[in-house]
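Quick note on labels: first sequence line is chain A, next is B, and so on, each numbered from 1.
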2 protein chains.
Amino acid sequence: MARPTLASLAAELGVSRQTISNVLNAPARVKPATRERVLAVIEAAGYRPSAAARQLRTRRSMNLGMRLLPATDGINGSVLDRFLHALTESAQAAGYRLTLFCADSDDDEVLQYEQLLHIAGLDGFILTSSRPDDVRTRWLQEHGTPFAVFGRPWDAGLPSESASHAWVDVDGAAGTAEAVTMLARQGHSRIGFLGWQDGAPVGDARRAGWERAMRASGLGQHVPGLSMAAPDTISGGVSGGRELIARDATAIVCASDSLAIGALECLRELRPGLFAPGQPAGPGLRAAVVGFDDTPVAAALGLSSVAQPVEDAARHIVRLLTCELAGNAGAGAAPEEHLLLAPRVVERVPLPLAPRG
Amino acid sequence: MARPTLASLAAELGVSRQTISNVLNAPARVKPATRERVLAVIEAAGYRPSAAARQLRTRRSMNLGMRLLPATDGINGSVLDRFLHALTESAQAAGYRLTLFCADSDDDEVLQYEQLLHIAGLDGFILTSSRPDDVRTRWLQEHGTPFAVFGRPWDAGLPSESASHAWVDVDGAAGTAEAVTMLARQGHSRIGFLGWQDGAPVGDARRAGWERAMRASGLGQHVPGLSMAAPDTISGGVSGGRELIARDATAIVCASDSLAIGALECLRELRPGLFAPGQPAGPGLRAAVVGFDDTPVAAALGLSSVAQPVEDAARHIVRLLTCELAGNAGAGAAPEEHLLLAPRVVERVPLPLAPRG
DNA sequence: CGCGGAAATTTGATCGATCAAATTTTGATC
DNA sequence: GATCAAAATTTGATCGATCAAATTTCCGCG
């Protein structure tokens, strides 16, 4: 038996195509009795409307696009991983599909937009970052293409809230601040910060959160001496950690899990006494390192880390796009165009590695 | 100006739609002079054929589907990441797009197949694993849907080569065997194996490769005593590593990077002397751990690891699918239905963590 | 000059849905 | 039961491409 279509079902039921179409798209227009009868046959025949035919007429593909970035360092890639999964799930729940594509550069990405828009008729795009003076967002806006960005724009001077496009982001500063508060509550006072060397605003924000919370906790006097920067690698964490420990830090908040892994190693070697188990959270008794992104390695090592709520971010991005696509005609709550989510600190106890014998 | 279509271009050029269509799909049918003229206008107008319209007629969506597994199951983080990227890239190069979807279970996955086939008209699927007596592969075969699997089927007793569906996989045994050969060449003889506890065939194969190479290198006498199993976590690696070290292993081949990270930690603590730098590869001088999958953490820690050629695997999978979809009518080399790729060992020098002062 | 066949091009139908407008049915009211 | 508006349903056109078949153009050759 061939795949059922509106026409074949109409013949079987003795009604017109349009009635069946209405049952699915505007049930209120159809008399309840007919509706039931039609629905029963749709069910029995396993009818599914063809997206291609529908797209041809409605100019909606129910398809969103996202560029898959070239694998960066990968440890931090895990955040994108979770984001991608959550995005797929949210999109699916909203009746959209997600199409992936690759690009060599931002210019190439724009070229892909153009092709995917025309050929596949994608309804919108998700970007996983934006840069100052971004060619991509500019192109998308000029062409009236719906899109949303995971990551706020950091255009010099301008507050992100004034951005002319939709974005969702995680408040990194709030994350490091919460980490400091947590550590201070445990009795730490010499809490260091280990960040990145590049002057990127994301890293600056994480440092700023640490500083703010230090001052708020009355530990402002340590701020000048306990902030370090290193390359974003494990060995960068080792050397940065060594320096901070030399300055008597008992706890370190890091801008990434890579750095934190290195710093943890370092603490383990230089201050083994601080890892004595059995005395939970006594002041100064247990050294602590907090990473950022809560990657699987962090979890495996028992490293505390600031976890980004990427699932919430993905859900909101899908909501933004679907609302814009639906034309959201006066229908109640329009989702926030600019949303800053608070991360939370996942607290863990480091793996005991000391040899038994 | 509205988006150009075949009809609009035809009007502009004074030829018929079909001629333009032929220029793109069967250039040989069109007189060279006309072809050039048409191509010039296509270029100038930036014409792109609508995939939806084409799909409606040809019943090809040029779209492949893949389920995004929940984080833990199947191939994990970084390998999946690289595979997905390579797959997207290969598909794109072949003129296909990649659509992602989620599913709660295998049964749900089958349901998604059915919907995606009917609604979106996907042309084929990529699976990232298969199990004995797999409902998904059975369904796909029964419905004549093209698909290919990354990971060979391990049906009890039957050789994977007899499988009735296309697959590509990496020869794990060859990987661990090469690791052993490399270590033996460096002068190690007490080379241990640290594997998983579950009796899964993938893990068994990795162990088998170790054993085979041990015997081939004349180290068969160590096989009985130097094989361990532990849960696939870092702490599993620590405890397994401790035991192997207690049995005087100087090198350890692991079934995963998680295990290897743990084992490396352990070696570092229990045999710090074996990490003396400056004496490269003298027998017994440098302890060695080899992981599996070459994840970013491994790279960051300077851990040697067996790297899967996932890019090659993805490329072949796309080739398999596109050939089947193209109907491959007598056109030369049909790609191998069953392809086993050899991984390679990436050799690294562990990060020096010893404190300077 | 006209003929035949290949080459080049065009025409009409079709894929499967939705839109917009036309038509039929329903049901309340006098 | 006739009337009319509202409700329910149907009809015809359309989205933009390809297929299959028909038509026109081209060109060599008798």
dA8(D) OP1/OP2 closer than 4.0 Å to side-chain N/O of N22(A) = no
message = If you compare every side-chain N and O of R54(B) against the phosphate oxygens of dT18(D) (OP1, OP2), does one of them come in below 4.0 Å?
response = yes
query = Between L6(B) (CG) and dT10(C) (P), how many Å, whole number?
reply = 13 Å
message = For a 4.5 angstrom cut-off between non-hydrogen side-chain atoms, does L87(A) reach V318(A)?
response = yes
request  = Under 4.0 Å between any heavy atoms, over every strand shown, what does T19(A) touch: base, sugar-phosphate, or nothing? Just pick one.
outcome  = base
remark   = With the side chain defined as heavy atoms from C-beta on, A53(B) is closest, among dA17(D), dG16(C), dA8(C), to dA17(D)
inquiry  = Once hydrogens and angles are ignored, does a donor-acceptor distance under 3.5 Å link the base of dC15(C) to the side chain of Q55(B)?
reply    = no
request  = Pick base, sugar-phosphate or nothing for R17(A), based on heavy-atom distances below 4.0 Å to the nucleic acid.
outcome  = base
task = Indicate whether the side chain of E109(B) and that of Y113(B) have a donor and an acceptor atom separated by less than 3.5 Å.
result = yes
inquiry  = Can you tell me which nucleotide in dT18(D), dC15(D), dG16(D) comes closest to the side chain of R57(A)?
reply    = dC15(D)
note = R29(A) atom CZ is separated from dC19(C) atom P, nearest whole Å, by 10 Å
ask   = What does R48(A) touch in the nucleic acid at a heavy-atom separation under 4.0 angstrom: a base, only the sugar-phosphate, or nothing?
value = sugar-phosphate
Rounded interatomic separation in angstrom, taking CD from Q18(B) and C1' from dT11(C) = 10 Å
inquiry  = Under 3.5 Å for both donor-acceptor distances, Watson-Crick or wobble: does dA20(D) have a partner, and if so which one?
reply    = dT11(C)
note = To the nearest angstrom, the CG-P distance between L24(A) and dG16(C) comes to 16 Å
Salt bridge R67(B)-D106(B), side-chain N to carboxylate O under 4.0 Å = yes
inquiry  = Any side-chain N or O of S21(A) below 4.0 angstrom from OP1/OP2 of dT18(C)?
reply    = yes
task = Nearest whole angstrom, please: distance from the P of dG16(D) to the CD1 of I119(A).
result = 15 Å
ask   = Does T34(B) make a side-chain N or O approach to OP1 or OP2 of dT9(C) shorter than 4.0 Å?
value = yes
inquiry  = Under a 3.5 Å distance rule, please check whether H165(B) uses its side chain to pair with a backbone N or O of A148(B) as donor and acceptor.
reply    = no
query = N25(B) CG to dC19(D) P: how many Å, rounded?
reply = 7 Å
inquiry  = For a quick test of reading the model: is some side-chain N or O of R59(A) closer than 4.0 Å to OP1 or OP2 of dG16(D)?
reply    = yes
ask   = Within the structure, does a side-chain N or O atom of S16(B) lie under 4.0 Å from either OP1 or OP2 of dT10(C)?
value = yes
query = Where the side chain of L56(B) is concerned, which of dA17(D), dG16(C), dA8(C) is the nearest nucleotide?
reply = dG16(C)
ask   = Once you round it to whole Å, what is the distance between P of dG16(D) and CG of L9(B)?
value = 12 Å
ask   = Does a side-chain heavy-atom distance below 4.5 Å link W167(A) with L340(A)?
value = yes
